[in-house]
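In what follows, a structure is listed as structure tokens, so that the remarks can point back to it.
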Amino acid sequence: SESVSENDKYSSDIFAMDTYMSLTAYGAKAEDAVTAAIHEIQRLDAMFSVGNTDSDVTTANMQGSATVSDETAYLVEQSLEISRKTDGAFDITIYPVMELWGFTTKNYKVPQADELQETLKRVSYENASLKAHELVLKNNAQIDFGGIAKGYTSSRVMQIFKEYGIEHGMVNLGGNVQTLGTKTDGTAWRVAIQSPQGGNQYLGILETSDQAVITSGGYERYFEENGVTYHHIIDPKTGYPSDSDLTSVTIVCADGTKADALSTSFFVMGLQKAESFYENTDLDFDVILLTKDNQIYISEGIAQNFTSDYTVNVLKK
Ligand code: ADP
Ligand code: MG
Ligand code: MG
């Protein structure tokens, strides 16, 4: 391949999907590639947004069924697969509960217990089914792709970069990173994994190439009421913000869609279930977990590529 240097860099920052995003590509067509990728992000934002009255998702949520696009169908399929595999820790029918907590409007409130129980009756991934492009939602179920759409989007950005002949690039969608190839000097990308404490603190640095590095944590979106913090990742079994022993979950996987769904799932599952899932699954991915007592658990496939000041425990298959 032709030689590409730091000088062939083109970067752009945008706000979409309620998230600050940054795109970087290197090469002769870097600017065209980034511009095309931004258009794609805007198209996907409109398609997947529950706030867009014209989206497939909104139509299905309002009418109980809809004929949906290839991509909506793909995200529903992927979501249902991960729901089945995680025994419902991941569940796109969580939407009515998100609404009740005010996460959809930012008018946050702690719901009444009885109201929450009523709403929870509508929540089950088994209420959602797909036949070809016909999405059916039973029992007043409603869906949202908040736990999976950004991972799909980062994978699409990488595909577009490749279509423009880009060999080195990276996208960061609010802490959800995906890399293409290596850096221009041939060394691995160095991805800082955000700390739940925020600021400039991080859990460590992961050297990685051609992978999605997707992180879920309760610190990304939350509100406080009477001194209690309520975050935006809900345990579908209780309707409350998940209160597992994990404070951060990073999934490293070539497939951004799977990585995103799994990061949300593991956060809900907690260390023990996450560990046994990792040991037994046929899916190919790596993990970096942080527990409430500040222990890091990292899978053996990437342990050598991670540098951290924390105590690091290695997970083996
Ligand atoms: P972020 O979008 O902040 O990176 P996640 O990928 O973990 O974080 O997704 C959180 C979003 O996913 C929530 O805002 C909500 O839309 C949705 N969600 C919350 N709980 C669940 C769940 N148990 N399963 C699937 N989606 C969920
Ligand atoms: Mg995330
Ligand atoms: Mg997710």
Side-chain angles (χ1 to χ4, degrees), residues 16-21 44-45 48-51 57 61 75-76 78-106 108 116 119-120 122-128 141-155 171-178 193-194 196 198 212-223 230-244 246-253 255-270 273-274 285 287 289-290:
M17 302 182 171
D18 212 15
T19 302
Y20 290 97
M21 304 183 170
L44 295 176
D45 193 1
F48 298 145
S49 166
V50 281
V57 182
N61 283 349
L75 275 202
V76 171
Q78 291 289 304
S79 297
L80 295 179
E81 183 195 334
I82 299 297
S83 292
R84 285 188 290 267
K85 290 189 164 160
T86 62
D87 191 25
F90 188 78
D91 196 327
I92 50 170
T93 67
I94 200 70
Y95 184 65
V97 173
M98 298 305 294
E99 213 171 21
L100 196 60
W101 283 91
F103 283 109
T104 53
T105 55
K106 299 190 168 111
Y108 305 116
L116 189 55
T119 306
L120 213 46
R122 300 161 61 189
V123 175
S124 166
Y125 66 90
E126 288 176 333
N127 286 332
Q142 295 184 319
I143 62 168
D144 95 83
F145 291 138
I148 191 168
K150 285 193 291 242
Y152 176 75
T153 303
S154 66
S155 282
V171 62
N172 187 340
L173 316 181
N176 301 309
V177 172
Q178 192 156 355
I193 311 298
Q194 267 177 279
V213 181
I214 297 206
T215 299
S216 280
Y219 57 90
E220 289 181 57
R221 238 170 265 268
Y222 61 88
F223 69 98
Y230 300 93
H231 65 70
H232 75 316
I233 302 175
I234 304 289
D235 183 343
K237 300 214 160 54
T238 65
Y240 285 89
S242 81
D243 188 25
S244 77
L246 295 176
T247 53
S248 177
V249 173
T250 300
I251 305 286
V252 182
C253 179
D255 180 339
T257 312
K258 287 226 158 61
D260 197 357
L262 286 173
S263 71
T264 308
S265 307
F266 274 31
F267 191 80
V268 171
M269 285 154 73
K273 283 187 183 160
F285 63 90
V287 299
L289 311 173
L290 179 71

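The residues of the chain are indexed from 1 along the displayed sequence. No experiment lies behind these values; they were computed from the predicted model shown. Remember, it's 1-based here, ligands and their atoms both numbered in the order they're listed.
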Minimum-distance N/O/S atom that Asp260 presents toward the Mg ion (ligand 3): OD1

Ring geometry between Phe48 and Phe145 (parallel below 30°, tilted from 30 to 60°, perpendicular above 60°): perpendicular

Mode of Thr19 contact toward ligand 1 - side chain, backbone, both, neither (heavy atoms, under 4.0 Å): neither

Contact partition for Ala89 relative to ligand 1, non-hydrogen atoms under 4.0 Å: backbone

Lys85, NZ: over 12 other non-hydrogen atoms inside 6.0 angstrom: yes

Exercise: identify the closest heavy-atom pair between Phe90 and Ala261: CD1-O, 3.4 Å

Short N or O distance, Ser263 and ligand 1, threshold 3.5 Å exclusive: no

Ligand 1 contact on Glu220 by region, counting heavy-atom pairs under 4.0 Å: side chain

Flag, side chain of Ser242 to backbone of Ile234, donor-acceptor distance under 3.5 Å: no

Minimum heavy-atom distance between Gly175 and Gln194, given as atom pair plus value: CA-OE1, 3.3 Å

N/O separation below 3.5 Å, Ile233 to ligand 1: no

Residues Ile94, Asp144; criterion side chain to side chain contact (heavy atoms under 4.5 Å, CB included); working and verdict: CA-CA 7 Å; Ile94 200 70; Asp144 95 83; 4.1 Å; yes

Residue Asn176 vicinity, atoms of ligand 1 by number, heavy atom under 4.0 Å: 4 (O)

Per-atom contacts of ligand 1 with Asp144, taking only distances under 4.0 Å to non-hydrogen atoms: 16 (O)

Contacting atoms of ligand 1, where contact means under 4.0 angstrom from a heavy atom of Met98: 13 (C), 14 (O), 15 (C), 19 (C)

Proximal atoms of ligand 1 relative to Ser216 (non-hydrogen, under 4.0 Å): 5 (P), 6 (O), 7 (O)

N, O or S from Gly151 under 2.8 Å to the Mg ion (ligand 3): no

Contact check, Phe103 vs ligand 1, heavy-atom distance below 4.0 Å: no

Atoms in ligand 1 with a heavy atom of Lys150 nearer than 4.0 Å: 1 (P), 2 (O), 4 (O)

Interatomic spacing from CE in Met17 to OG1 in Thr153 - rounded to 0.5 Å: 3.0 Å

Sequence-distant partners of Arg221, salt bridge (Lys or Arg N to Asp or Glu O under 4.0 Å), two or more places apart: Asp18

From Ile82, Thr215, Ile94 - option closest to atom 21 (C) of ligand 1 by heavy atom: Ile94

4.5 Å side-chain heavy-atom contact, Asp235 and Asp243: no

Ring centres under 6.0 angstrom apart (Tyr230, Tyr222): no

Atoms in ligand 1 flagged as close to Pro236, the criterion being non-hydrogen separation under 4.0 Å: 23 (N)

Contact flag Thr264/the Mg ion (ligand 3), N/O/S atoms, threshold under 2.8 Å: yes

